[in-house]
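Proteins come first, then strands; the chains are lettered A, B, ... in the order of their sequence lines, and each starts at number 1. Keep in mind that this is a model prediction, so the values were computed, not measured.
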There are 2 protein chains.
Amino acid sequence: MSDPIGFQCADHGTCRTTLLARAQAHCDSLGLRLTPVRRRTLEILLVEHRALGAYDVLALLAAEGLGSQPPVAYRALDFLVKAGFAHKIEALNAYTACVHPGLDHTPAFLICRTCETVAEADTALTKGRLGDAARAAGFTIERTVVEATGLCPDCADRAA
Amino acid sequence: MSDPIGFQCADHGTCRTTLLARAQAHCDSLGLRLTPVRRRTLEILLVEHRALGAYDVLALLAAEGLGSQPPVAYRALDFLVKAGFAHKIEALNAYTACVHPGLDHTPAFLICRTCETVAEADTALTKGRLGDAARAAGFTIERTVVEATGLCPDCADRAA
DNA sequence: TTCACTATTGATATGTTATAACATCCGAAG
DNA sequence: CTTCGGATGTTATAACATATCAATAGTGAA
Ligand SMILES: [Zn+2]
Ligand SMILES: [Zn+2]
Ligand SMILES: [Zn+2]
Ligand SMILES: [Zn+2]
């Protein structure tokens with residue numbers, strides 16, 4: 001576990017442009033195509049900095065004339081997830097930008113149930129006790145979903 | 001982590017009747033009502049021993065004249081989840097019976113992507129590094145979703 | 001018993017999330 | 001230029017989930 005990329009971003013504008021540039025570079029080096037819809041979808045996730053449903057994304061894309069039917073959003077999101085630029089939050093059926101795109105990692109998420117802000121951390125869960133249990137059962141882990149729902153500091157303060 | 005309730009059940013018939021009886025006792029002691037639809041829904045989950053979608057459950061209930069509209073299944077499943085007799089598998093949008101019903105615990109799941117069999121283990125994840133990260137971020141964890149997808153021993157053998 | 005109260009069920013409709021299927025466009029390789 | 005594969009456009013539908021309101025059945029007090 002490291003870098004629980006926090007609920008407040010010191011310099012959000014910079015973090016966004018940096019991550020976009022990194023995604024572009026990663027695509028260039030691998031021959032992947034960060035097309036306008038894909039790029040804009042990633043930018044939307046980065047700007048919002050929280051979990052967005054596919055139809056939320058679609059509405060924003062549609063407002064800009066980038067497509068208006070569900071497959072547009074799902075294709076773009078699938079690309080981003082497969083390329084390692086975004087993650088799906090299963091507990092919300094929603095999507096969020098990855099904070100270290102392109103790197104192979106097993107993310108864990110802290111999800112605020114009030115503002116839907118998402119913080120991404122790393123976890124080596126498969127090396128811990130879950131991994132032990134899996135090995136004992138003869139189970140081969142291919143993918144892990146680790147999501148903690150609760151209250152972020154801001155919302156906790158507001159509720160108090 | 002303990003008891004990775006395995007992919008093969010030594011005595012499946014007994015495990016089912018035992019868990020059903022425990023659920024009944026738990027309801028009696030708390031004044032909850034394990035009505036026919038609820039009881040049968042739990043039995044279905046116990047017999048199948050894997051993750052079932054709400055509409056899968058509904059189809060089985062409907063075949064027995066226990067209701068045919070979506071709310072029937074969702075109400076029964078919600079009751080079972082709230083009462084601690086079943087869990088929702090977020091990665092599959094599906095439901096599975098709990099292996100130690102009524103007890104307060106934070107489950108972790110090993111899910112076979114081929115046969116959809118589900119093994120339930122416990123995890124004290126919030127006491128580990130995810131808990132550390134949450135505390136560092138000022139995040140209050142209320143619920144965790146821990147789901148590992150992969151191949152169970154049987155399916156791995158079959159694939160080899 | 002009768003009443004009021006609450007939990008449960010029945011029934012219809014709708015909302016939300018996700019994919020199938022097929023046509024078309026477009027840029028790179030040959 | 002042609003061919004071919006990835007990307008998009010478009011329509012339709014599958015799959016998952018809830019809102020709403022009426023009817024019914026247990027529960028306990030008057
Ligand atoms: Zn990530
Ligand atoms: Zn919050
Ligand atoms: Zn359980
Ligand atoms: Zn299997």
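Taking the six-membered ring wherever Trp is involved, the centroid distance between the rings of H87(A) and Y95(A) does not fall below 6.0 Å.
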What pairs of donor and acceptor atoms, side-chain ones from residues 26-37 of chain A against any protein atom, are under 3.5 angstrom apart with sequence neighbours left out?
from: D28(A); atom 1: OD1; to: Q24(A); atom 2: NE2; distance (Å): 3.1
from: S29(A); atom 1: OG; to: H26(A); atom 2: O; distance (Å): 3.0

Only distances under 3.5 Å count here; give the side-chain donor-acceptor pairs of residues 70-82 of chain B to other protein atoms, sequence neighbours excluded, each with its distance to 0.1 Å.
none

Inset, instruction - Might you work through the salt bridge (Lys or Arg N to Asp or Glu O under 4.0 Å) test for R143(B) and E90(B), ending with a clear yes or no? - result: CA-CA 12 Å; R143(B) 176 190 176 227; E90(B) 297 290 349; 3.0 Å; yes
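Straight-line distance from the CG atom of L92(B) to the P atom of dT17(C): 18 Å, rounded to whole Å. Rounding to whole angstrom units, CG of residue L34(A) and C1' of dG6(D) are separated by 15 Å. Atom-to-atom, CG of D56(A) to P of dA18(C) comes out at 11 Å; the value is rounded to the nearest Å. Between L58(A) atom CG and dT16(C) atom C1' the separation is 13 Å, expressed in whole Å. Rounded to whole angstrom, the span from the CG atom of L77(B) across to the C1' atom of dT8(C) amounts to 16 Å. Counting to the nearest Å, the C1' atom of dG6(D) and the NZ atom of K82(A) are 13 Å from each other. At whole-Å resolution of the value, CZ in R39(B) and P in dT8(C) are 16 Å apart. The CG atom of L61(A) sits 11 Å away from the P atom of dG9(D) (whole-angstrom rounding).
Remark: T17(A) OG1 to R22(A) CZ distance equals 11.5 Å, nearest 0.5 Å. The structure places CD of E48(B) at 11.5 Å from CD of E43(B), a figure rounded to the nearest 0.5 Å.
Position along DNA chain C of the nearest nucleotide to Y55(B) versus R33(A) favours Y55(B) as the more 5'-ward residue. Looking at which nucleotide of DNA chain C each of F79(B) and A54(A) is closest to, the 5′-most match is held by F79(B).
Residue N93(B) has no polar side-chain atom (N or O) positioned under 4.0 Å from OP1 or OP2 of dA15(D). For dC16(D), the OP1/OP2 oxygens have no side-chain nitrogen or oxygen of K88(B) closer than 4.0 Å. Between Y74(A) and the phosphate of dA18(C), there is a side-chain N or O to OP1/OP2 separation shorter than 4.0 Å.
Across all strands, Y95(A) comes closer than 4.0 Å only to sugar-phosphate atoms, never to a base (heavy-atom distances).
Between A51(A) and A94(A), the shortest heavy-atom contact is CB-CB, 3.7 Å.
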Give me, pair by pair, the N or O atoms of the protein and of nucleotides 9-12 of chain C that are less than 3.5 Å apart, along with how far apart they are.
from: dT9(C); atom 1: OP1; to: T35(B); atom 2: OG1; distance (Å): 2.7
from: dG10(C); atom 1: N7; to: R75(B); atom 2: NH1; distance (Å): 3.0
from: dG10(C); atom 1: O6; to: R75(B); atom 2: NH2; distance (Å): 2.6
from: dA11(C); atom 1: N6; to: R75(B); atom 2: NH2; distance (Å): 3.1

